[in-house]
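First comes the structure, then the notes that go with it.
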Amino acid sequence: MTLGLLEDLKPVFQTATGKVMIYPSSGTGAWEAAIVNTLAPGDKVLMFETGQFATLWKEMAVSLGLDVQFLPSDWRHAADPAEVESILREDRSHKIKAVMVVHNETSSAVTNSIPAMRKALDRAGHPALLMVDTISSLASIDFRMDEWGVDVAVAGSQKGLMLPPGLGFNAVSEKGFAAAKSARMPKSYWDWQAMQGQNKSGFFPYTPATNLLYGLRESLQMLREEGLENVFARHIRHGEATRRAVRAWGLETVCVDPERHSSSVTAVFLPAGHNADEFRKVVLENFNMSLGGGLGKLAGKAFRIGHLGDFNDLMLAGTLSGVEMGLALAGVPHKVGGAAVALEYLTSAAQGVHGQAMLETASPAR
Ligand code: PLP
């Protein structure tokens, strides 16, 4: 079963030349695996403050002894590829060993452009590794490992793969494995070499999370049945419907760049003077629906609507209705009718009206 899974995961990462490894771990473990297998203590890396998860990955990198250049942001914008290019151009001695970016910031619902990051590296002629956290994008938002020249992709089981938490993934390019040969970070559990050695014959260096592997086999089958393109289009549709509802309520999304909205999660500010966690509590108590909380800097200020994984139009309709009823019950000022606006959009999408626009949004230019 393992040999089949390792092959079947490749199309999900859109890689033919890379290899995928599966750890019995959360996504955080897979972050650590990416770092300790490719880098050495004191290596310089470039990271971007796009939200809470980028911040946590940065903290891990610092505690593992890396020299992190962390580009600040207000959590409302994606990392700026032009700034990345100029930093890389200035790094003539190639001290920067890796550019590490979170594809979809689950906390702020901002999606970074990975092709733009690749272009920044190429234009600067810089050899740094490109490492990407795809934890809340894989199998939800188009991610093309080979085409975008990603060296290490980090993923987890509990989002687009529709499983319980407990599996962490590294997908690694040839360049990533080449870097591993000279990496000097101490490692044992995460060691790619030990994992690769055992994986060849379908085994693991330690007890795998067997039950989740059976689940993974099923979720890969579900993704194949729907087709990745359709999965991406479904998420784009749900993201768009959700933002239309948010706008109609007169509320503001955390992400301010229309090009960089996430299609797997939407983060929404409550008006000043209203606590997002109290609002979430009202929704939970009345409708048994658990909205995502604001994380880090956004705690109490924003809430998050998740629309990823095994999710369909009617589930979104229920979700947005719950939010709208909750806004009324919690006394949050808003305009009534956001859920109806979303339904109108979903209806016209079902009629094919928005089909072309959705395909364009899903194009490689993203
Ligand atoms: N990176 C991103 C983008 C995430 O959304 C998460 C968790 O939600 C993580 C990393 C950390 O993964 P885990 O909580 O599985 O360790």
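All ligand and atom numbering here is 1-based and tracks the order in the structure. Residue numbers start at 1 and run along the sequence shown. Atoms considered below: every heavy atom in the structure, side chains included; atoms not considered: hydrogens, waters and symmetry mates. Note that this is a predicted model, so its numbers are computed, not measured.
At distances below 3.5 Å, not a single donor-acceptor pair connects side-chain atoms of T134 with backbone N or O atoms of S137. Between the side chain of D310 and the backbone N or O of M162 there is no donor-acceptor pair closer than 3.5 Å. Looking only at distances, no side-chain donor or acceptor of H103 sits under 3.5 Å from a matching main-chain atom of I135. Between the side chain of D191 and the backbone N or O of K187 there is no donor-acceptor pair closer than 3.5 Å.
Protein heavy atom at the shortest distance from atom 14 (O) of ligand 1 is Q158 NE2, 4.1 Å. Looking only at heavy atoms of the protein, atom 3 (C) of ligand 1 is closest to T106 OG1, 3.2 Å. Looking only at protein heavy atoms, the nearest one to atom 9 (C) of ligand 1 is F53 CD2, 3.5 Å. Distance from atom 1 (N) of ligand 1 to its nearest protein heavy atom, with residue and atom name: D133 OD2, 2.6 Å. Looking only at protein heavy atoms, the nearest one to atom 8 (O) of ligand 1 is K159 NZ, 2.7 Å.
Geometrically, ligand 1 and G27 share a nitrogen or oxygen pair separated by less than 3.5 Å. The shortest N/O to N/O separation between T28 and ligand 1 falls below 3.5 Å.
Defined by atom type and a distance below 3.5 Å, a donor-acceptor pair is present between the side-chain atoms of N170 and W192.
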**Prompt:** Between H235 and H307, is a ring pair (Phe, Tyr, Trp, His ring centres under 6.0 Å) present by the stated rule, with each step listed?
**Reply:** CA-CA 7 Å; H235 285 83; H307 33 81; 7.7 Å; no
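Tested against Y23 for a ring pair (Phe, Tyr, Trp, His ring centres under 6.0 Å), the candidates F169, F204, W190, W31 yield a single pass: W190.
Only the backbone of N104 comes within 4.0 Å of ligand 1, judged by heavy-atom distances. With a heavy-atom cut-off of 4.0 Å, W31 touches ligand 1 through its side chain alone.
Numbered from 1 in the order shown, with element, the atoms of ligand 1 that lie under 4.0 Å from a heavy atom of S26 read 13 (P), 15 (O), 16 (O).
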